[in-house]
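The structure appears below as structure tokens.
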Amino acid sequence: RRRRSHQSKVPVPLSTSAIYLLDFIALVEEYPCLYANQKVLVEAVRRYEKVWLPLLASVNPKERIQLVPPLDVEWVWHCHLLSPKDYRRDIAKVLNVDAEGEFMIDHRLVSK
């Protein structure tokens, strides 16, 4: 019986990503208004939907990774990614592409 070699479909090293995620969560914890203040959160969601996503959609895909969102927008983006089906549907709508097609907006957390 032949063993299949399993190659990861994850395009980033998971150990590095985990460290970045922990750093990011620690940073968010320093600003409780990002998750405890409804007015701040509503404004962050507005900025994410009305400013950040359209900005990403307007930029060449190879240049998107150079853009760094403000912390409140990064937090909303992170939360949006926790619902992959909704994220994929919403991003497809913003990019005006088929949700079943191949597309990706890369989201890499920047460490402190």
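One is the number of the first residue; the rest follow in order along the sequence.
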Interatomic spacing from [atom1] in [X] to [atom2] in [Y] - rounded to 0.5 Å:
| X | Y | atom1 | atom2 | answer |
| --- | --- | --- | --- | --- |
| His78 | Leu21 | NE2 | CG | 5.5 Å |
| Asn37 | Asp72 | CG | CG | 11.5 Å |
| Glu74 | Leu34 | CD | CG | 11.0 Å |

Exercise. Look at the aromatic rings of His80 and Tyr87 and report parallel, tilted or perpendicular, splitting at 30° and 60°.
Key: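 Correct class here is perpendicular.
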
Quiz item: When you check the gap from the basic side-chain N to the acidic O, do Arg89 and Asp86 get nearer than 4.0 Å?
Solution: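 Yes, this pair counts.
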
Can you find a pair of side-chain heavy atoms, one from [X] and one from [Y], that are under 4.5 Å apart?
| X | Y | value |
| --- | --- | --- |
| Tyr48 | Leu53 | yes |
| Val40 | Trp75 | no |
| Leu67 | Trp52 | yes |

Quiz item: So which heavy atom on Trp77 is nearest to which on Leu56, and how close?
Solution: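 What the structure gives for the nearest pair is CH2-CD1, 3.7 Å.
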
Self-check item: Distance-minimising heavy-atom pair for Val28 and Leu71
Solution: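 Minimum heavy-atom contact is CG2-CD1, 4.2 Å.
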
Exercise. Report the residues that fulfil side chain to side chain contact (heavy atoms under 4.5 Å, CB included) with Val45, sequence neighbours left out, ordered by chain and then residue number.
Key: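 Residues passing side chain to side chain contact (heavy atoms under 4.5 Å, CB included) with Val45: Glu49, Val76.
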
Quiz prompt | Candidate pair Lys39 and Val42, rule side chain to side chain contact (heavy atoms under 4.5 Å, CB included), full reasoning | solution = CA-CA 5 Å; Lys39 286 183 180 182; Val42 166; 5.9 Å; no

Quiz item: Within a radius of less than 6.0 Å around OH of Tyr35, do more than 12 heavy atoms belonging to other residues, nucleotides or ligands occur?
Solution: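 Yes, OH of Tyr35 has more than 12 neighbouring heavy atoms, counting only those of other groups under 6.0 Å.
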
